[in-house]
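Notes to accompany the following structure.
No hydrogens, no waters, no symmetry mates; every other heavy atom, side chains included, goes into these values.
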Amino acid sequence: MKIKFWGTRGSIAAPGEHTILYGGNTCCLQITLDSGRMIVVDAGTGMRPLGDHLVAQEEKVDILLLMTHIHWDHVQGFPFFDPIFNGASRILVDGFPAAIKGLRAIFDNKMGDGFFPVAFEDLKARIEYVGDLSRRPVVVEGVRIETIPLNHPQGALGYRFQEGNKKLVFITDNELVRDGPVGIGFTDYIRFCSDADILIHDAQFTPEEMDRHRGWGHSDCRSALDLALKAGVRELLLFHHAPARTDAEVTAVIKRCRKDAAKDGHDLIIDGAKEGTELVL
């Protein structure tokens, strides 16, 4: 399983000289299974360069697009994903129940003059909503995919991928609290993340910032670290970097987490998700 980050930023794209290391594009993750099957998680602005890459490779695009939810920073790249204008492309959409509704709404919400020059119905690609993952785990070419509800306004889904004995957990836009409004508590996330080789988790805020952002649906870095330690994961990647946080500030957050983990005698690998980085699991 290969994992590549095309967008790691949260809330809004933040291009510029101070976000080069960790990236300025919003959420988009490419997962390539051992079989070659491609899964894309979320359609943030990072989906545009992903599309450019696939077109340059002259690949026939046949992907499974898994949506965590449909807030703007997770859907805004979809209209600029070049393969949607190619009749040979096939995009199966699954995950969040309102996923296809959210992707359509970018083009026209049927209440105004539209938000994009091209109508959703005029896209040439074959785009279909599957709708299985919101009801049950699925197996895609030998990889078991499971979901968990997240503590985020209007709801969201986290994902666990297991290929053989390798486990990847991707949880963004999740406020870790003891008892979440979705009926899922901290212990449920520990079970979901248990023994993962890699946990990618929302860490938009620092602990000092949380009092001003309770209820926003995002975690602080210390809470993400606590989850990783209690779940016994091998590697934690902090994700959904705050748009105003510079590369130097993100690095400082990572170093803080490493220091906290080492102080307690843990050897957990900790880093920040970096746009353009590819991992092999």
Compare every heavy atom of D188 with every heavy atom of G183, then report the nearest pair and how far apart it is.
O-OD2, 4.4 Å

Would you confirm whether R37, through its side chain, and D62, through its main-chain N or O, come within 3.5 Å as a donor-acceptor pair?
yes

Here the pair of heavy atoms bringing A43 nearest to L103 is CB-CD2, 4.4 Å

Donor-acceptor pair, side chain of Y159 and main chain of M67, under 3.5 angstrom:
yes

Report yes or no: do Q154 and H69 form a side-chain donor-acceptor pair below 3.5 Å?
no

Same cluster (ILVMFWY, side-chain, under 4.5 Å), L133 and I171
no

When rounded to the nearest 0.5 Å, the distance separating CG of L92 from CD1 of I127 is 10.5 Å

Assess the side chains of T68 and D42: does a donor N or O sit below 3.5 Å from an acceptor N or O?
yes

Are the side chain of D211 and the backbone N or O of H213 linked by a donor-acceptor pair below 3.5 Å?
no

Spatial distance of atom CG (L150) from atom CZ (F96) [nearest 0.5 Å]:
9.5 Å

Using side-chain hydrogen bond (donor to acceptor under 3.5 Å, both in side chains), reason through N174 and H218 one step at a time and then give a plain yes or no.
CA-CA 5 Å; N174 184 45; H218 298 287; over 6 Å; no

So, R136 side chain and D132 main chain: donor-acceptor pair closer than 3.5 Å or not?
no

Report, as yes or no, whether the 6.0 Å neighbourhood of atom CG on D264 holds more than 12 heavy atoms from other residues, nucleotides or ligands.
yes

Backbone N/O of V280 and side chain of E278: donor-acceptor pair under 3.5 Å
no

In this structure, OH of Y129 is separated from NZ of K101 (nearest 0.5 Å) by 12.0 Å

Would you say the ring centroid of F170 lies under 6.0 angstrom from that of F239?
yes

Quick one: do the T26 and D73 side chains pair a donor with an acceptor below 3.5 Å?
no

Ring centres under 6.0 angstrom apart (W6, H53):
yes

For T19 and A14, indicate whether the former's side chain and the latter's backbone hold a donor-acceptor pair under 3.5 Å.
yes

Show, in sequence, the C-alpha distance, side-chain angles and deciding distance for S89 and N86, and conclude whether the side-chain hydrogen bond (donor to acceptor under 3.5 Å, both in side chains) test is met.
CA-CA 6 Å; S89 299; N86 186 334; 4.6 Å; no

Taking side chain as C-beta onward, heavy atoms only, is L33 less than 4.5 Å from V140?
yes

Does the ring of F192 carry R160 above it, NZ/CZ under 6.0 angstrom from centre and within 45° of its axis?
yes

Applying side-chain contact (heavy atoms from CB on, under 4.5 Å), can you list everything that pairs with D34, at least two apart in sequence or on another chain?
E163

Ion pair check, K167 and D195, cut-off under 4.0 Å:
no

Closest non-hydrogen atom pair, C193 against L199
SG-CD1, 3.8 Å

Taking only residues two or more places apart in sequence or in another chain, which ones pass side chain to side chain donor-acceptor pair (under 3.5 Å) with T251?
Y22

How many angstroms lie between CG in L64 and CD1 in I145, if you round to the nearest 0.5 Å?
6.0 Å

Given 3.5 Å as the limit, does a donor-acceptor pair link the side chain of E275 with the main chain of G23, or not?
no

Between R214 and E209, is the closest basic N to carboxylate O distance under 4.0 Å?
no

Cluster overlap L225 with L238, hydrophobic side-chain contacts below 4.5 Å
yes

Near-ring test F80/F85, centroid separation under 6.0 angstrom:
no

Is a donor on one side and an acceptor on the other found under 3.5 Å between the side chain of H241 and the backbone of A273?
yes

Report yes or no: do H152 and H71 form a side-chain donor-acceptor pair below 3.5 Å?
yes

Any donor-acceptor N/O pair, D202 side chain to D173 backbone, under 3.5 Å:
yes

Check whether any side-chain N or O of R234 sits under 3.5 Å from a backbone N or O of I198 as a donor-acceptor pair, and report yes or no.
no

Indicate whether any N or O donor in one side chain lies under 3.5 Å from an N or O acceptor in the other, for D220 and S223.
yes

Distance in Å, N151 CG paired with E175 CD, rounded so as to fall on 0.5 Å steps
5.5 Å

